[in-house]
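Note that this is a predicted model, so its numbers are computed, not measured. Chain letters run A, B, ... following the sequence lines, proteins first, then strands; residues in each count from 1.
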Amino acid sequence: MKDWGLREVEPGTTILDLLREIGGKLAKEALAAKIDGKVIDLNTPVYNDLELAVLTFDDPEGMQVYRHTASHVLAQAVKNLYGNVRLGIGPAIRDGYYYDFDFDRPISPEELTKIEEQMRLIIKEDLPLERIELDREEAIGLFSEMGEKYKVELVEGLDESSTISCYRQGDFIDLCAGPHLPSTGKLKAIKLLNLAGAYWRGDERRPMLQRIYGTAFPKAKQLEEYLQRLEEAKKRDHRRLGRELDLFSFREEGPGFPFFHPKGIIIRRELENFWREEHRKAGYLEIETPVILNRQLWEQSGHWDHYQENMYFTKIDEQDYAIKPMNCPGAMLIYKSGMYSYRDLPLRLAEMGLVHRHEKSGTLHGLMRVRSFTQDDAHIFMLPEQIEDEVAGVIDLVNHFYDVFGFKYLVELSTRPEKSMGSDEMWEKATAALHNVLIKKGIPYTINEGDGAFYGPKIDFHLQDSLGRTWQCGTIQLDFQMPEKFDLHYIAADGQKHRPAMIHRVVYGAMERFIALLIEHYAGAFPLWLSPVQVSVIPITERQHEYAAGISKRLQKDSIRVELDNRNEKVGYKIREAQVKKVPYMLIVGDREAADGTVSLRQREKGDLGPVLLENFIEKIKNEIQQKTK
RNA sequence: GCUCACGUAGCUCAGGAGGCAGAGCGUAUCCUUGGUAAGGAUAAGGCCACCGGUUCGAAUCCGGUCGUGAGCUCCA
């Protein structure tokens with residue numbers, strides 16, 4: 001923030017006037033101001049001494065004000081075009097803004113163009129935004145008269161004592177805390193992006209409104225760049241790359257049930273191998289539990305009461321069974337099959353468990369959200385005093401894994417949900433334990449109130465997809481319930497039975513989701529160790545087919561995943577294809593290479609690297625695979 | 001599950017006032033044997049998602065079902 005020194009002005013001068021007086025680009029670029037940490041309108045008059053910071057589009061708060069005003073312009077445009085429409089809410093969000101409308105008749109996406117044109121007219125008029133403060137009764141009266149029932153509801157929900165503010169631009173007035181741009185003319189590059197449904201106040205029992213999403217930038221170039229980024233993100237979409245790279249598919253015969261193709265399975269198995277290795281090192285033992293288990297077990301675990309709508313059922317010999325939606329009850333039974341001393345704890349039982357959940361049809365999303373998936377699960381049974389160490393250990397493990405892939409993640413601590421089991425005391429104890437570890441480790445996190453599992457609070461690790469949407473992957477869930485329900489115990493030093501504590505945890509989360517995120521993260525160009533095809537051998541003419549086949553066999557002998565492209569095509573064509581399929585290494589062999597036992601090496605990112613001896617290449621690639629570096 | 005939109009060849013998509021189904025990529029065969037991101041020719045490939053209605057006649061119009069997309073709700 002620049003320092004413009006001290007200024008003295010007539011009382012009542014607005015901040016905008018003040019900035020104009022200072023001159024330069026300031027007045028033009030300013031969007032809002034900040035006084036004592038509070039963001040305010042540039043139209044605010046100044047009466048006392050104060051320290052002022054100017055917000056531009058480069059400040060997140062400035063950007064928010066800019067887009068929030070754009071949402072008001074959107075609402076005004078819609079009001080102008082469709083007289084009979086009730087307004088919902090219209091905030092600024094990441095990358096833009098939206099506004100919710102209750103139309104008499106749903107509008108179609110084509111109409112967005114028309115609305116956008118109307119918005120441009122409003123911007124051109126350069127209408128000043130005026131802040132109006134009223135009391136509760138006045139506000140309710142005003143919005144009732146306008147037939148804005150949602151606004152009336154909002155006002156009624158506001159604190160008795162709070163001042164209610166509205167913003168007016170031309171003949172459009174909206175309930176709003178502000179702040180806003182001084183006038184609509186400040187808006188430059190605007191664009192409406194899409195149309196979707198959204199429940200009023202996010203409640204599925206309430207009416208569904210139509211939400212219009214848009215964005216706005218001060219410069220046309222910025223808007224173009226943003227749209228360009230969206231296009232680029234679409235190219236990284238795992239559903240598209242999954243098809244192009246022949247990794248997996250979905251069919252109408254099994255909505256939400258993915259089919260993994262040979263190339264997709266390679267990635268999956270590599271991830272599993274890595275997982276097994278790291279878990280062995282971290283002191284886990286691997287187990288496997290059945291997919292179908294008796295109803296009585298699910299009643300005992302609480303799933304029958306708390307998770308039924310997400311479960312699939314079947315009958316065997318007239319008996320009710322359920323397809324497991326979680327692996328925990330199975331792990332409980334394994335624990336129960338033996339006797340444990342306190343010296344045996346912590347006992348870490350890991351399971352690549354295939355679970356099925358009946359997710360609502362509208363929530364399915366490629367591999368990110370499916371109805372059958374494999375969790376890289378583990379249940380840690382431990383002494384109460386081992387809880388914090390074990391939670392910390394899992395956090396370290398998650399950290400290590402995500403580091404290998406170069407993922408940045410967001411951490412959330414989720415607390416007790418409404419639908420849950422156990423005493424308040426248990427919940428408090430468990431939540432405090434998770435909280436402590438996060439504090440001790442200095443991990444930044446946000447609290448997600450009421451979003452815990454029905455049996456305990458949890459720490460979640462979220463990863464971002466190509467469009468910046470976040471997906472929960474790793475999770476650590478503390479559970480005092482299951483050990484209770486299943487009457488688990490261990491023999492302590494006092495020779496008596498005691499109750500162990502338990503952690504449910506996953507690192508990848510679900511293999512399917514994690515693979516989806518990896519695809520988007522790498523844009524399909526997997527690091528060598530994960531690449532379904534690591535090397536493509538490309539003979540230039542038929543004369544080298546034999547030599548090329550020998551190379552291919554030689555690589556295969558060392559478990560290198562190689563494809564021999566001896567199709568009747570030119571080198572350029574074959575190289576292009578290997579490049580499009582994101583194969584890390586291409587070995588081009590012509591007469592020269594065949595004569596001196598070399599290969600011409602081409603790397604996916606670096607291009608032609610010239611000839612190398614085959615054995616040297618093999619040594620290099622084996623080393624790189626082992627290192628798991630790019 | 002809800003709102004809106006969409007469903008035509010393996011993929012990307014044209015077409016459609018109701019009257020014999022189209023392109024590019026990919027695939028197959030042939031020609032070409034070419035040195036670092038697309039050589040040429042020919043051919044195969046479709047119950048226009050499914051079920052019903054309107055009509056002499058439906059890929060096209062109408063209704064329903066299923067699936068997909070964006071978002072909401074819900075969650076790894």
Side-chain angles (χ1 to χ4, degrees), chain A residues 98 100 102-103 106-111 193-213 237 239-240 243-244 246 249-256 307 309-310 325-326 355 357-371 373-377 414 417 451 453 458 460-463 467 469 471-475 477 504 506-514 516-517 538-545 567-580 586-593 600-604 607-611:
Chain A
Y98 68 76
D100 287 343
D102 183 7
F103 291 95
I107 61 159
S108 75
E110 287 84 67
E111 294 172 66
L193 298 167
N194 44 33
L195 184 62
Y199 297 110
W200 168 236
R201 303 205 126 178
D203 185 339
E204 62 182 328
R205 291 163 304 194
R206 313 205 59 181
M208 170 128 330
L209 311 180
Q210 277 194 297
R211 176 171 296 178
I212 298 175
Y213 285 89
D237 189 313
R239 293 165 298 187
R240 174 176 173 157
R243 195 170 39 242
E244 287 173 359
D246 199 17
S249 61
F250 284 92
R251 311 219 70 224
E252 288 202 8
E253 287 88 338
Y307 208 69
E309 72 253 30
N310 281 299
M326 294 186 195
V355 297
R357 295 183 188 174
H358 182 226
E359 302 294 350
K360 289 177 184 173
S361 58
T363 65
L364 301 178
H365 185 91
L367 281 186
M368 295 284 187
R369 198 172 165 83
V370 289
R371 284 177 170 158
F373 54 101
T374 299
Q375 294 183 299
D376 64 316
D377 219 340
S414 297
D451 207 39
K458 54 179 188 161
D460 292 327
F461 298 82
H462 294 255
L463 299 180
L467 285 169
R469 295 175 290 207
W471 298 89
Q472 187 186 314
C473 290
T475 175
Q477 312 182 346
H504 309 244
V506 287
V507 177
Y508 290 135
M511 299 307 289
E512 291 74 5
R513 176 175 291 179
F514 198 79
L517 287 160
I538 300 175
I540 293 171
T541 75
E542 262 168 33
R543 284 194 303 283
Q544 300 91 33
H545 277 194
R567 290 176 305 173
N568 179 11
E569 296 291 351
K570 291 191 177 176
V571 231
Y573 183 91
K574 297 188 202 179
I575 286 170
R576 178 185 151 79
E577 182 152 303
Q579 202 73 46
V580 167
M586 287 156 246
L587 304 182
I588 289 100
V589 294
D591 287 333
R592 291 203 294 272
E593 288 78 6
S600 238
L601 184 59
R602 185 188 166 96
Q603 207 266 344
R604 180 174 60 189
D608 190 359
L609 298 177

Please state how far atom [atom1] in [X] lies from atom [atom2] in [N], giving the value in whole angstrom units.
X       : N      : atom1 : atom2 : result
Y98(A)  : C4(B)  : OH    : P     : 19 Å
R592(A) : G34(B) : CZ    : C1'   : 13 Å
Q472(A) : C74(B) : CD    : P     : 14 Å
R251(A) : U68(B) : CZ    : P     : 12 Å
W471(A) : C74(B) : CH2   : P     : 14 Å
R469(A) : A70(B) : CZ    : P     : 5 Å
H462(A) : A76(B) : NE2   : P     : 8 Å
D591(A) : U33(B) : CG    : C1'   : 10 Å

Check: [N] base within 3.5 Å donor-acceptor of [X] side chain:
X       : N      : result
R201(A) : C72(B) : no
S600(A) : G35(B) : yes
R243(A) : C11(B) : no
Y199(A) : G71(B) : no
E593(A) : G35(B) : yes

According to a strict under-4.0 Å criterion, is [X] in side-chain N/O contact with OP1 or OP2 of [N]?
X       : N      : result
H365(A) : A70(B) : yes
K458(A) : A76(B) : yes
Q579(A) : A37(B) : no
R239(A) : A70(B) : yes
R206(A) : U73(B) : no
R211(A) : A70(B) : no
Q477(A) : A76(B) : yes

Quick check for you: among [options], whose closest atom lies nearest to any side-chain atom of [X]?
X       : options                : value
R543(A) : U33(B), C75(B), A5(B)  : U33(B)
M208(A) : A76(B), G34(B), U3(B)  : U3(B)
P255(A) : U68(B), C72(B), U36(B) : U68(B)

What integer number of Å spans the [atom1] atoms of [N] and [M]?
N      : M      : atom1 : answer
C11(B) : G69(B) : P     : 14 Å
C20(B) : G34(B) : C1'   : 43 Å
C4(B)  : A9(B)  : P     : 27 Å
G19(B) : A58(B) : P     : 11 Å
A59(B) : C47(B) : P     : 13 Å
A23(B) : C48(B) : C1'   : 15 Å
C74(B) : A17(B) : P     : 44 Å
A70(B) : U8(B)  : C1'   : 23 Å

Base, sugar-phosphate alone, or nothing: which one does [X] contact when heavy atoms must sit under 4.0 Å apart?
X       : result
V355(A) : nothing
G202(A) : sugar-phosphate
V506(A) : nothing

*Which dot-bracket string fits RNA chain B when only Watson-Crick or G-U wobble pairs with both atom distances under 3.5 Å count, crossing pairs get [ ], and | stands for a partner on a different strand?*
(((((((..((((.....[..)))).(((((.......))))).....(((((..]....))))))))))))....
*asked:* Going by the rule salt bridge (charged side-chain N to carboxylate O under 4.0 Å, His left out), which residues pair with R567(A) if we only count those two or more places apart in sequence or in a different chain?
replied: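 Checked R567(A) against salt bridge (charged side-chain N to carboxylate O under 4.0 Å, His left out); matches are D565(A), E577(A).
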*Stacking check Y213(A) vs G71(B) (5.5 Å / 30 deg)*: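 Whether judged by distance or by angle, Y213(A) falls short somewhere, so it does not stack on the base of G71(B).
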*How do S361(A) and E110(A) order along RNA chain B: which one's closest nucleotide is nearer the 5' end?*
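Result: S361(A).
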_On RNA chain B, compare the nucleotides closest to R576(A) and F461(A); which residue's is nearer the 5' end?_
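It is R576(A), whose closest nucleotide lies nearer the 5' terminus.
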*Given salt bridge (charged side-chain N to carboxylate O under 4.0 Å, His left out), test R201(A) with D203(A) step by step and report yes or no.*
CA-CA 5 Å; R201(A) 303 205 126 178; D203(A) 185 339; over 6 Å; no
Please list, pair by pair, any protein nitrogen or oxygen found under 3.5 Å from a nitrogen or oxygen in nucleotides 23-27 of chain B.
unit_1 : atom_1 : unit_2  : atom_2 : d
G26(B) : OP1    : Y573(A) : OH     : 2.9
U27(B) : OP1    : R567(A) : NH1    : 3.3

